[in-house]
Amino acid sequence: MRIAVIGTGYVGLVSGACFSEFGVEVIGVDKDVDKIARLDRGEMPIYEPGLDQLVANNVQAGRLSFTTDLKPAVAGASAVFIAVGTPSRRGDGHADLSYVFAAAEEIAHAITGFTVIVTKSTVPVGTGRQVAEIVAKARPDLKLGRDFDVVSNPEFLREGSAIGDFMRPDRVVIGALPHADRAREIMRELYRPLYLLETPVLFTGLETSELIKYAANSFLAAKITFINEVANLCEAVGADVQDVAKGIGLDGRIGKKFLHAGPGYGGSCFPKDCLALVKTARDAGAPIKMIETVVEVNDQRKESMAGRIADALGGSAQGKRIAILGLTFKPNTDDMRDSPSLDIVPALLKQGAIIRAFDPEGTHEAKKHLPDIDYAASPEEAMENADALVLLTEWNQFRSLDWARVAEQMNGRVVVDLRNIYKPEQVAAAGFAYHSIGRATALPTPKLKAVAGGGQA
Ligand SMILES: NC(=O)c1ccc[n+]([C@@H]2O[C@H](COP(=O)([O-])OP(=O)(O)OC[C@H]3O[C@@H](n4cnc5c(N)ncnc54)[C@H](O)[C@@H]3O)[C@@H](O)[C@H]2O)c1
């Protein structure tokens, strides 16, 4: 079987490489000439652990190749995966489908035999049918069901552990139209290696599959937002959010994942997918108020973090040297899209802070978004003479700082840990004023009086 994957970004490159590892012949297509040139040279255009080796192995085995030329890649392919970006459309938050529709049109002109057009990009309900219409309009000689079909196959991988997630997913979701037996059979065949591992493969209708992806991401964003608000309450009453998370997470109905309080969710998916779900739901006359609130609360949270850092510095960051460790939205990726750092750093600069940051893999991307700060080549260099240290992303290499050494390097004694990497006692013992999220030593000072006066059952 041969397939084409349109878009060689975080999703397209990983899924293409993984399908080739399953034994399928894969051609990765991208219109970004530079990206394809780098891939042809064996360089990875993104940072994703293990990807370079996986790509190299499969290129060498002759199962994986890359091109900018969509037509020959699509001609004769059993399935064509659309894995292009679907960012938020400016103004209304709806997913911008222009890349998906442009790809669909190009695919239409390249189809030679029966082809399944698979939407792997995260797309709102109704997009699959729109793709079918685009193809039918561009190629009146092609008939849906006879010459081509459309399938929704959302991707659930997480950046940073994308290969493992793709190879051992919790489930595979495949949405198709009622008549589409041939398309379902091709999809079943493609995912056979996972089926053998007893991965649940869920076959649904097209609309259901499209909605599953948004519902999943919005639910996870809600879980994070919930624990972030509980963290605020913990700070107000002197409780410990990590213990609360553990205490509720051990309940199998709740589950312990996505209960880490922090500076607010970011990344290339949750913010835009929550917004798109809100828009779809409103347009459909069935607003999901809970997710509307999640979006609002999370935006406010990211904005409020700079104030927290200023409070830790005594009320203002004006003229203060701040060392920031971690800029990407999470560890093990170079992805800066909607990272909390993009709210926090500009707000600190606006207050007059002098920032020197270090990120293990994100510096190249970060420089495009945050040109007005200094970039250090190591955590030590970032901390040199700093008044405060801010831990913004929980990269493993920030988890075991030698606090005695940090104290020698820094001028000040303020540490703001927005990821709760450390135990408060440990950092305090080294003489630092340690501020974290939702724990006893975090800001603001506990307001126990208000609670004592509450008294309602
Ligand atoms: N990044 C993630 O963790 C993740 C996880 C699950 C789902 N998704 C979804 O997958 C989709 C892709 O996300 P991503 O992060 O991989 O995006 P990305 O921006 O990293 O990659 C998209 C690629 O598509 C290419 N492209 C756009 N139009 C093209 C065309 N007509 N022909 C050929 N190439 C084209 C771009 O040049 C780019 O390289 C999005 O809908 C996203 O929501 C992403």
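Heads up: numbering here begins at 1 and tracks the sequence. Whatever order the structure lists ligands and atoms in, that order sets their numbers, starting from 1.
Polar contact check, D273 against ligand 1: no nitrogen or oxygen pair lies under 3.5 Å apart. Looking at K120 next to ligand 1, no N or O pair under 3.5 Å apart turns up. Checking only distances, K272 does come within under 3.5 Å of ligand 1, N or O to N or O. The shortest N or O to N or O distance between D32 and ligand 1 is not below 3.5 Å. Where the criterion is an N or O separation shorter than 3.5 Å, residue side chain and backbone included, T122 meets it with respect to ligand 1. Inclusion of K213 in the set of residues having an N or O under 3.5 Å from an N or O of ligand 1 is not warranted.
Nearest protein heavy-atom contact of atom 29 (C) of ligand 1 is V84 CG1, 3.5 Å. From the protein, the heavy atom lying nearest to atom 2 (C) of ligand 1 is E159 OE2, 3.4 Å. Nearest protein heavy-atom contact of atom 32 (N) of ligand 1 is I6 CG2, 3.5 Å. Closest protein heavy atom to atom 41 (O) of ligand 1: T86 OG1, 2.5 Å. With hydrogens left out, the protein atom closest to atom 19 (O) of ligand 1 is R337 NH1, 3.5 Å, a heavy atom. Looking from atom 21 (O) of ligand 1 to the surrounding protein, the closest heavy atom is G9 CA, 3.2 Å.
Between K71 and E106 there is no salt bridge, since no side-chain nitrogen of the basic residue lies less than 4.0 Å from a carboxylate oxygen of the acidic one. Under a 4.0 Å N-O distance rule, the pair R439/D240 does not qualify as a salt bridge. Ion pairing of R63 with E25 is absent here, as no side-chain N (NZ or NE/NH1/NH2) approaches a carboxylate O to less than 4.0 Å. At a threshold of 4.0 Å, the pair K330-E394 does not count as salt-bridged, since none of the basic side-chain nitrogens sits closer than that to a carboxylate oxygen.
Counting heavy atoms closer than 4.0 Å to ligand 1, residue A162 contributes nothing at all.
Within the cation-pi definition used here (under 6.0 Å to the ring centroid, within 45° of the axis), R337 does not qualify as a partner of F329. Y195 does not carry R188 over the face of its six-membered ring by the limits of under 6.0 Å from the centre and within 45° of the normal.
No side-chain donor-acceptor contact under 3.5 Å links S121 and T119.
Within the 6.0 Å centre-distance limit, the rings of F19 and F81 are counted as a close aromatic pair.
The two residues T393 and P331 come nearest to each other via the heavy atoms CG2-N, 3.5 Å.
The residue among L157, D165, T68 with a heavy atom at the shortest distance from atom 5 (C) of ligand 1 is L157. Closest heavy-atom approach to atom 31 (N) of ligand 1 among the candidates E155, K35, E106: E106. The heavy atom nearest to atom 23 (C) of ligand 1, out of those in V123, D30, I107, I82, is found in D30. Comparing heavy-atom distances from atom 20 (O) of ligand 1 across F156, Y10, Y214 singles out Y10 as nearest. In this structure, of V11, D335, I36, the residue bringing a heavy atom nearest to atom 13 (O) of ligand 1 is V11.
Atoms of ligand 1 found under 4.0 Å from any heavy atom of A83 (numbered from 1 in listed order, with element): 12 (C), 22 (C). Under a 4.0 Å criterion applied to the non-hydrogen atoms of G7, ligand 1 contributes the atoms 23 (C), 24 (O), 25 (C), 34 (N). Heavy-atom proximity to S268, at under 4.0 Å, picks out these atoms of ligand 1: 1 (N), 2 (C).
Judged purely by atom type and a 3.5 angstrom limit, K120 has no side-chain atom pairing as donor or acceptor with the backbone of V11.
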